[in-house]
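All heavy atoms count here, side chains included; hydrogens, waters and symmetry mates do not.
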Amino acid sequence: MADPKGFLNHGREIAKTRPVDVRLKDWNEVYVPGSLLPIIPTQASRCMDCGIPFCHNGCPLGNLIPEWNDYAYREDWSAASERLHATNNFPEFTGRLCPAPCESACVLGINQPAVTIKNVEVSIIDKAWDSGDVAPQAPERLSGKTVAVIGSGPAGLAAAQQLTRAGHTVAVYERADRVGGLLRYGIPEFKMEKRHINRRIEQMRAEGTKFRTGVEIGRDIDAAKLRKRYDAVVIAAGATTARDLPVPGRELKGIHQAMEYLPLANKVQEGDFVAPPITAEGKHVVVIGGGDTGADCVGTAHRQGAASVTQLEIMPRPGEERNPGQPWPTFPMLYKVTSAHEEGGERVYAVSTTHFEGDEDGNVQWLHLVEVEFIEGKLTQKPGTERKIPAQLVTLAMGFTGTDVENGLVSQFGLELDARGNIARDADFATNVPGVYVAGDAGRGQSLIVWAIAEGRSAARGVDRFLTGVSELPAPIRPTDRSLMV
């Protein structure tokens with residue numbers, strides 16, 4: 001363990017962010033560069049000798065958190081990096097993007113602010129990259145077996161890296177023009193600069209993984225033909241069917257799904273556009289959906305120079321403290337202020353959109369809403385609370401309903417779906433089609449990045465065992481495992 005009295009002597013201190021007026025002028029990550037590492041040994045020392053580290057239960061990857069906290073406290077960064085990579089292929093992704101269910105399950109968090117596990121994690125991996133401790137791990141010998149991975153998000157990348165290191169020849173197919181899936185085009189640059197993806201891809205290429213971008217399985221290549229070409233296939237195509245809002249006026253111009261809006265802003269940062277085809281500049285922006293994707297839309301709109309930004313959420317405003325119905329160590333639903341919310345805008349809770357109103361040219365101008373409440377478990381409108389707010393750009397960030405079934409991938413493979421619209425799989429992450437496996441949101445439904453990586457690692461074990469009869473690859477989760485929630 002780290003300092004036995006660390007949690008008694010030191011309070012929680014998190015990463016410092018750059019001033020709002022400064023960071024809104026660029027798209028760089030919001031944190032002050034270099035400010036985190038000096039405080040990390042002290043923060044890592046707060047990790048307790050708690051006997052049973054419930055942080056392990058909070059994290060589906062099974063991260064060895066007390067071990068790398070101890071190494072970080074001692075400033076043995078190489079050993080900390082080795083322990084970190086033992087369970088997580090991409091800690092620089094999770095250390096920036098994960099909502100940290102491990103911290104919600106931290107034993108110290110019962111009656112004190114939890115250990116800053118996420119900050120320690122990202123500090124370890126950033127130090128490892130700077131020190132040259134992250135190197136390609138090419139296999140000693142090849143198996144002669146080939147695997148196609150469909151999708152290059154965190155689940156697909158994790159599965160591909162694990163299978164490549166096991167000696168199989170792996171090709172990753174990505175329908176976008178660059179590798180990374182939602183990491184590339186769904187996550188704004190100010191949350192994770194894309195250089196972090198780029199250097200991981202270079203590591204994977206050096207290990208032997210091949211990448212095929214701009215190829216959509218189901219449309220560009222028949223899925224059944226792909227199956228014949230490879231010894232096994234891993235489907236990690238995500239749950240990309242966005243939830244829509246079927247209300248009057250939805251057809252008006254200026255109303256877009258979040259994943260139509262956010263990728264264009266990222267493409268500007270990649271140099272594809274001088275200005276995005278869809279922009280918030282000078283407009284009254286309304287974001288429908290109170291989750292992380294909605295917050296990403298808020299931060300993007302701020303940087304594009306929106307006249308105003310309003311975020312709507314149909315559920316009541318969460319509390320700032322755990323309620324009795326969400327006891328430790330479960331992941332609580334709390335009122336969260338992200339960096340995007342620090343930058344301005346209004347958040348409105350317990351409201352529902354009734355319809356949109358446009359101008360004579362068919363452009364959205366107003367959003368009509370009504371306050372709602374739950375009565376006997378049923379969502380009910382409150383009479384007399386109707387009003388309208390200006391809305392010249394509306395983004396829908398209401399989550400996803402399942403994997404894409406319109407591109408032909410599901411039908412061409414002949415895959416079975418479960419009751420929730422996800423691709424069905426067995427205990428080994430295998431579908432009903434022999435040799436075809438599924439990992440990540442395509443099989444689990446919309447989830448967190450840590451679950452995606454855990455699924456990719458676990459599916460890789462199933463594939464490896466299918467190809468060779470035995471596998472030493474780790475499988476941190478089962479398909480039926482769920483988050484530590486109530």
Side-chain angles (χ1 to χ4, degrees), residues 1-2 6-7 12 14 43-73 80 82-91 93-122 124-125 154-155 158 162 292 318 321-334 336 427 429 439-441 443-462 473-486:
M1 66 173 297
F7 70 97
R12 178 182 168 100
I14 60 174
Q43 290 303 300
S45 77
R46 299 181 69 239
C47 187
M48 304 168 63
D49 184 11
C50 55
I52 300 176
F54 275 81
C55 54
H56 288 190
N57 297 77
C59 178
L61 284 166
N63 281 335
L64 305 173
I65 296 165
E67 295 186 30
W68 42 258
N69 271 330
D70 180 47
Y71 285 124
Y73 164 65
E82 186 278 326
R83 290 286 79 195
L84 192 55
H85 281 103
T87 56
N88 187 353
N89 297 71
F90 314 117
F93 302 166
T94 54
R96 287 174 167 83
L97 305 177
C98 181
C102 54
E103 293 187 18
S104 299
C106 174
V107 173
L108 182 58
I110 295 175
N111 59 7
Q112 290 190 43
V115 176
T116 56
I117 298 171
K118 182 176 172 180
N119 280 182
V120 176
E121 176 182 28
V122 78
I124 293 170
I125 183 56
Q162 293 293 95
D292 288 340
E321 303 289 339
R322 284 185 184 268
N323 66 56
Q326 297 173 334
W328 176 89
T330 60
F331 188 72
M333 300 301 294
L334 300 175
K336 183 168 65 172
F429 293 81
D441 291 359
R444 174 169 293 272
Q446 184 183 2
S447 190
L448 304 178
I449 184 172
V450 279
W451 283 93
I453 297 173
E455 288 240 347
R457 289 171 66 88
S458 298
R461 177 183 174 88
L473 293 178
I477 60 170
R478 298 163 297 184
T480 54
D481 288 343
R482 290 292 179 264
S483 300
L484 194 62
M485 302 180 71
V486 292

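Taking every heavy atom of both residues into account, Q326 and P332 meet most closely at OE1-CA, 3.6 Å. When all heavy atoms of R96 and V122 are compared, the closest pair comes out as NH1-CG2, 3.3 Å. The two residues A452 and P154 make their nearest non-hydrogen contact at CB-CG, 3.8 Å. Nearest approach of C98 to P101, heavy atoms of both residues: SG-CD, 3.6 Å.
The shortest distance between side-chain heavy atoms of R482 and R444 falls below 4.5 Å. Within the 4.5 Å cutoff, no side-chain heavy atoms of L108 are placed close to those of C50. Counting heavy atoms from C-beta on, the side chains of W328 and V107 come closer than 4.5 Å. In this structure the side chain of L334 never reaches within 4.5 angstrom of the side chain of E321, judged on heavy atoms. With a 4.5 Å cut-off on side-chain heavy atoms, S483 and F331 do not count as touching.
Atom SG of residue C106 and atom CD1 of residue I117 lie 5.0 Å apart, to the nearest 0.5 angstrom. Atoms CZ and OG, on F7 and S45 in that order, are 10.5 Å from each other to the nearest 0.5 Å. To the nearest 0.5 Å, atoms SG (C59) and CH2 (W451) are separated by 9.0 Å. To the nearest 0.5 Å, the span separating CD1 on I124 from NE2 on H85 amounts to 10.5 Å. Rounding to the nearest 0.5 Å places CZ of F90 at 12.5 Å from CG of L84. Rounding to the nearest 0.5 Å places CG of D292 at 11.5 Å from CD1 of I449.
Legend: residues meeting side-chain hydrogen bond (donor to acceptor under 3.5 Å, both in side chains) with T87, ordered by chain and number and at least two apart, are N63. In this view, R46 satisfies the salt bridge (charged side-chain N to carboxylate O under 4.0 Å, His left out) rule with no residue, not counting sequence neighbours. A search for salt bridge (charged side-chain N to carboxylate O under 4.0 Å, His left out) contacts involving E67 returns R83, not counting sequence neighbours. H56 meets the side-chain hydrogen bond (donor to acceptor under 3.5 Å, both in side chains) test with no other residue; sequence neighbours excluded.
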D70 vs C47, side chain to side chain contact (heavy atoms under 4.5 Å, CB included): CA-CA, chis, key distance, verdict: CA-CA 8 Å; D70 180 47; C47 187; over 6 Å; no
Residues Q162, N89; criterion side chain to side chain contact (heavy atoms under 4.5 Å, CB included); working and verdict: CA-CA 8 Å; Q162 293 293 95; N89 297 71; 3.1 Å; yes
Audit row: E455, D441, side chain to side chain contact (heavy atoms under 4.5 Å, CB included) steps and yes/no: CA-CA 9 Å; E455 288 240 347; D441 291 359; over 6 Å; no
Would you mind writing out the side-chain donor-acceptor pairs for residues 473-480 within the sub-3.5 Å range, not counting sequence neighbours?
residue : atom : partner : partner atom : Å
R478    : NE   : D481    : OD1          : 3.1
R478    : NH2  : D481    : OD1          : 2.9

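Counting only residues at least two apart or in different chains, side chain to side chain donor-acceptor pair (under 3.5 Å) contacts with residues 97-121 comprise R12-E103, N88-E121, T94-E121.
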